[in-house]
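Following: one structure in structure tokens, then a few remarks.
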2 protein chains.
Amino acid sequence: MTGNGQKRAVGRPPRIEKQRIVDVARRILEEEGVEAVSMRRIAKEVGATPMALYHHVRDKDELLMLTLAGMASTVPRPELPDDPRDRIVATAVHMHAVLSDMIWVIDVLSRGDLTDKGALWMADEIVDSAIRCGLTPHQAIHAYRTIWYLVYGALVFRRADARRAADPGRKPFFPSLLTQDDAGDLPRLAALSEQWEEVTAAYDVAAQLEAVVDGLLARAVSPG
Amino acid sequence: MTGNGQKRAVGRPPRIEKQRIVDVARRILEEEGVEAVSMRRIAKEVGATPMALYHHVRDKDELLMLTLAGMASTVPRPELPDDPRDRIVATAVHMHAVLSDMIWVIDVLSRGDLTDKGALWMADEIVDSAIRCGLTPHQAIHAYRTIWYLVYGALVFRRADARRAADPGRKPFFPSLLTQDDAGDLPRLAALSEQWEEVTAAYDVAAQLEAVVDGLLARAVSPG
DNA sequence: ACCTGAACACCGTTCAAGT
DNA sequence: ACCTGAACACCGTTCAAGT
């Protein structure tokens with residue numbers, strides 16, 4: 001009819017919009033997490049039967065992937081330092097900070113692929129800056145992945161720690177269950193068990209990224 | 001009756017053993033992954049009703065945690081180099097290699113806490129060696145976490161890549177969907193898009209860990 | 001083309017009852 | 001103490017039919 005310039009308007013006009021389905025899925029992800037998302041729940045909230053969704057998406061996995069699209073553009077792109085080493089660190093810290101505020105994204109990412117073009121500038125910045133620091137393109141790509149793994153792991157376990165802290169029913173296995181018998185096998189952990197929780201709570205991603213990036217850049221043929 | 005020295009044998013004797021429940025759960029995890037594990041499936045395989053399991057474990061989450069117990073002892077503890085820096089790297093590489101062969105463990109770990117005392121020697125070795133390299137205990141614990149995050153992230157995304165490669169139906173978003181239009185915004189990624197998959201497939205965790213560990217140890221007050 | 005309705009083959013967990 | 005049976009409130013997805 002009106003025509004959106006992409007599709008011919010033949011047959012029955014859609015009663016539910018694909019974008020509306022994705023928006024509802026994302027809202028549930030944001031508010032209640034990935035475990036609360038179901039095809040039936042989404043269908044109910046958009047006012048359709050569960051099977052109506054399958055006309056717009058292949059399956060639940062594809063729908064989850066679609067929720068990532070456009071998320072990067074909801075956050076302003078930060079000013080970055082000119083120095084390439086600092087630029088890598090700042091970009092990685094930004095990645096961590098942004099995902100920290102939309103933690104459901106990591107659950108969707110772990111199920112599949114990145115589907116938001118708007119997030120790729122961060123990979124581009126890190127790879128580009130690493131090459132300008134003297135890494136080969138090969139090394140730069142590997143460095144980018146290492147940085148991403150660290151950011152991702154830090155987010156996963158920060159949330160795991162937070163969940164444990166929120167649920168007093170389940171005490172942490174370590175260091176709680178460390179007995180005197182273990183002091184012989186695990187001398188350092190036994191000695192540090194008192195401080196363990198306090199120290200891990202003080203984990204500083206930015207400081208760690210600085211150290212890691214310096215280590216990765218030290219592999220450059222012509223450093224600095 | 002015979003008495004195991006831990007519990008008084010009062011009331012009805014158990015018909016299903018807790019250890020048998022955990023063993024069946026672990027077998028399903030190993031063979032079919034965490035998504036295939038259900039209370040009903042386990043109950044069927046041990047020859048009981050679903051609700052019988054709840055007499056031995058609090059819920060599904062606790063049962064999953066129990067599957068981790070004893071896993072570390074199935075792998076021989078490796079000989080480690082004496083040099084503390086090399087010792088950290090070797091321990092981390094060992095962690096990655098071991099978990100690579102029991103990849104279901106990372107799915108269980110991400111849901112909760114470590115519950116296998118036999119795995120703690122690796123944390124002890126890394127923290128101890130880091131302190132012997134001149135880090136403060138505080139820094140050493142942070143370094144351990146950074147190393148663990150890297151190992152974990154590498155495992156998560158190596159499997160994600162493998163799954164994508166196994167499923168030709170879903171093409172990877174990047175670099176496939178990178179068009180000529182993106183070359184302006186993402187110059188490095190556009191230039192490297194041809195090599196991207198080949199290079200990421202060649203990701204070498206050991207080499208990355210060496211660089212990362214060197215970066216972390218460079219924070220020591222009295223290096224080396 | 002788009003959507004419904006019924007059905008299939010599942011879930012985790014509570015509750016009351018049996019031995 | 002240990003286990004069963006029935007029930008509650010859910011899942012993702014296929015298939016045939018309606019408009």
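Labels below follow one simple rule: chain letters A, B, ... track the order of the sequence lines, proteins then strands, and each chain is numbered from 1.
For the P atoms, the distance linking dA9(D) with dC8(C) amounts to 22 Å, nearest Å.
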Would T91(B) and E125(B) satisfy side-chain hydrogen bond (donor to acceptor under 3.5 Å, both in side chains), going step by step from the backbone distance to the final call? CA-CA 7 Å; T91(B) 305; E125(B) 283 286 1; 5.3 Å; no
Dump the intermediate steps for ring-ring contact (aromatic ring centres under 6.0 Å, His included) on Y149(A) and Y144(A), then the final yes or no. CA-CA 9 Å; Y149(A) 296 159; Y144(A) 165 68; 8.7 Å; no
Between I106(B) and Y152(B), is a side-chain contact (heavy atoms from CB on, under 4.5 Å) present by the stated rule, with each step listed? CA-CA 7 Å; I106(B) 66 168; Y152(B) 177 83; 3.9 Å; yes
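To the nearest angstrom, C1' of dG12(C) lies 17 Å from NE2 of H55(B). Remark: C1' of dC10(D) and CD of E32(A) are 14 Å apart, rounded to the nearest angstrom. The nearest whole Å value for the distance from the CZ atom in R41(A) to the P atom in dA9(D) is 16 Å. If you take CZ of R20(A) and P of dC2(C), they are 18 Å apart, rounded to a whole angstrom. Going from atom CG of L53(A) over to atom P of dG5(C) covers 14 Å, rounded to whole Å. Atom C1' of nucleotide dG12(D) and atom CD of E62(A) are separated by 15 Å, given to the nearest angstrom. In this structure, E35(B) atom CD and dG12(D) atom C1' are separated by 12 Å, rounded to whole Å. Per the geometry, CD1 belonging to I42(A) stands 11 Å off C1' belonging to dG12(D), to the nearest Å.
Residue S38(B) places its side chain closer to dC11(C) than to any other of dT4(D), dC11(C), dC2(C).
Partner of D23(A) under the side-chain hydrogen bond (donor to acceptor under 3.5 Å, both in side chains) criterion, out of R27(A), R26(A), R20(A): R26(A) alone. None of L189(B), D185(B), L186(B) except one satisfies the side-chain contact (heavy atoms from CB on, under 4.5 Å) rule with W121(A); the exception is L186(B).
Within the 4.0 Å cut-off from OP1 or OP2 of dC3(D), not a single side-chain nitrogen or oxygen of T49(B) is found. Regarding contacts with the backbone of dA1(C), every side-chain N or O of H56(A) stays at 4.0 angstrom or more from both OP1 and OP2.
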Here DNA chain D, pairs taken as Watson-Crick or G-U under 3.5 Å and shown with ( ), [ ] when crossing and | when to another strand, reads ||.|||||...|||||.||
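A distance of 8.0 Å separates CG in L29(A) from CG in D107(A), rounded to the nearest 0.5 Å.
The local environment of CD in E31(B) is crowded, with over 12 non-hydrogen atoms from other residues, nucleotides or ligands closer than 6.0 Å.
Below 30°, between 30° and 60°, or above 60°: for F157(A) and W148(B) the angle between ring planes is between 30° and 60°, a tilted geometry.
Within the structure, salt bridge (charged side-chain N to carboxylate O under 4.0 Å, His left out) contacts touching residues 199-208 of chain B (residues at least two apart or in different chains) do not occur.
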Hey, what are the protein-to-nucleotides 13-15 of chain C N/O distances that come in under 3.5 Å?
from    : atom 1 : to     : atom 2 : distance (Å)
dT13(C) : OP2    : Y54(B) : OH     : 2.6
dT13(C) : OP2    : K60(B) : N      : 3.2
dT13(C) : O5'    : Y54(B) : OH     : 3.4

